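Since the structure comes first, as structure tokens, the remarks are kept for the end.
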Amino acid sequence: MRVSMMGAGYVGLVSGACFADFGHQVTCIDKDAAKIAALKRGEIPIFEPGLAELVESNMRQGRLEFAAKASRIGEADVGTGDEIENILREQRPEADIQVVSNPEFLREGAAIRDFKHPDRIVVGAEDERARSVLAEIYRPLYLNAPPIIYVSRRTAELIKYASNAFLATKVTFINEIADLCEQVGADVQEVARGMGLDNRIGGKFLHPGPGFGGSCFPKDTTALIKTAHDHGVPLRLVETVAAVNEQRKRAMARKVVVALGGSVRGKTIAVLGLTFKPNTDDTRDSPAIPLITALHDLGATVRGYDPAGMEQAKPLLPDVHYCQSAYAAAEGADALVIATEWEQFRALDLARLKAVMAQPVIVDLRNIYRSDEMRRAAFRYVPIGRAGVE
Ligand SMILES: NC(=O)c1ccc[n+]([C@@H]2O[C@H](COP(=O)([O-])OP(=O)(O)OC[C@H]3O[C@@H](n4cnc5c(N)ncnc54)[C@H](O)[C@@H]3O)[C@@H](O)[C@H]2O)c1
């Protein structure tokens, strides 16, 4: 089949490359001419594990090509399908075109695997021909037998927004439970495990942290809230989730202040992880941004390190001293904050850190260390929702 992909970003490029890998003939189109020129030269504009190899092999085999062109696509929203259909009918009244909603659920950092092994494929189409085209595009996945759900276009759009709003709610729920754990002396990791073993709840998205970020949850919860308002059906639960999450991101700096005895003025803070999650270079709406902005506002100097996202972070956080490793960032720091759980931060050499830091203080916003190992290494340790080391 021939597939044109509008937008060659985190989703379009991954999906386009995967469709090409299935054997389809794919053209990825983007309004960003520089991005397309780079792709044509074989340069991958984003960091996503396995993507460079996939793009390279499909280009070499002649199934994946790129073209620069701006198309009229607006903000994605519930009802976008109708808007696109109106534009097409207006511009090409004679054309036999069907607009289908086929939301993508991949996660950055595991995007290729998620695309090729989806939990479900959602096809929102009113027309039988459109359904059969989509069925044919996804036919190479039939061996793994992912369920394909055929629904109306509006329903497909809402499945996407409701799914992301639900996951955002789950994250926010455990974040609030973590705050309560801190006050009542419970351990949020054990609470989450105890909850998650219940199949009705499930353990995923029950990891407490500095608040959700990224390009999807904040945008999709906002879009859902707006759509609901426009239709006179306010979604109070989702509104509260969005508000609580915003507050939480700002409140994380407070944890650092408390860990340093009440002030960070004149202090140096090392922040490890600037992307919104590991294995991506995406810093959109990353919780590290409000954290670092607040630390700067409170008079601290921030040294930052991220394995993939430093170039993206620079325009957003120009005052950070960017370093080439976790240990370089820790040099002279009064506290080290783990903002993103990259694998390489999970087994840091604590003795080496201690030797270069001004004070042995770690604020672990992702709960990747245990308090007993921090106690042994003589660090003051502040995790989320469980006992740390004073
Ligand atoms: N990032 C994710 O993890 C994820 C997962 C599932 C779904 N989605 C959804 O996929 C969509 C794209 O997200 P993304 O993260 O890939 O964004 P992105 O910003 O990485 O990519 C969007 C691309 O589209 C291009 N573009 C924008 N307007 C255009 C136009 N008018 N004509 C041609 N090209 C245009 C941009 O230049 C950019 O390269 C969003 O609706 C998002 O909600 C994202």
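Keep in mind that this is a model prediction, so the values were computed, not measured. Remember, it's 1-based here, ligands and their atoms both numbered in the order they're listed. Residue indices begin at 1 and follow the sequence shown.
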Nitrogen or oxygen atoms of [X] and ligand 1 under 3.5 Å apart:
| X | value |
| --- | --- |
| Glu104 | no |
| Lys160 | no |
| Tyr10 | yes |
| Glu108 | yes |

contact_flag Met6 ligand 1 heavy-atom lt 4.0 Å:
no

Heavy-atom contact under 4.0 Å between Arg284 and ligand 1?
yes

Considering Asp282, Ile46, Asp30 one by one, which has a heavy atom nearer to atom 39 (O) of ligand 1 than any of the others?
Asp30

Quick one: which of Val11, Thr280, Val14, Leu13 has a heavy atom closest to atom 10 (O) of ligand 1?
Val11

Heavy-atom side-chain proximity of Leu336 to Val363 below 4.5 angstrom:
no

Between [X] and [Y] (salt bridge meaning N to carboxylate O under 4.0 Å), is one present in this structure?
| X | Y | value |
| --- | --- | --- |
| Lys249 | Glu246 | yes |
| Glu108 | Arg284 | yes |
| Asp179 | Arg248 | yes |
| Glu182 | Lys255 | yes |

Cationic tip of Arg303 above Tyr322 ring, under 6.0 Å, 45° of axis:
no

Under a 4.0 angstrom heavy-atom cut-off, which atoms of ligand 1 come close to Lys35?
38 (C), 39 (O)

Just let me know how Arg107 lines up against ligand 1, side chain, backbone, both or neither, with a heavy-atom cut-off below 4.0 Å.
neither

Tell me every residue that passes salt bridge (charged side-chain N to carboxylate O under 4.0 Å, His left out) with Arg250, counting only those two or more places apart in sequence or in another chain.
none

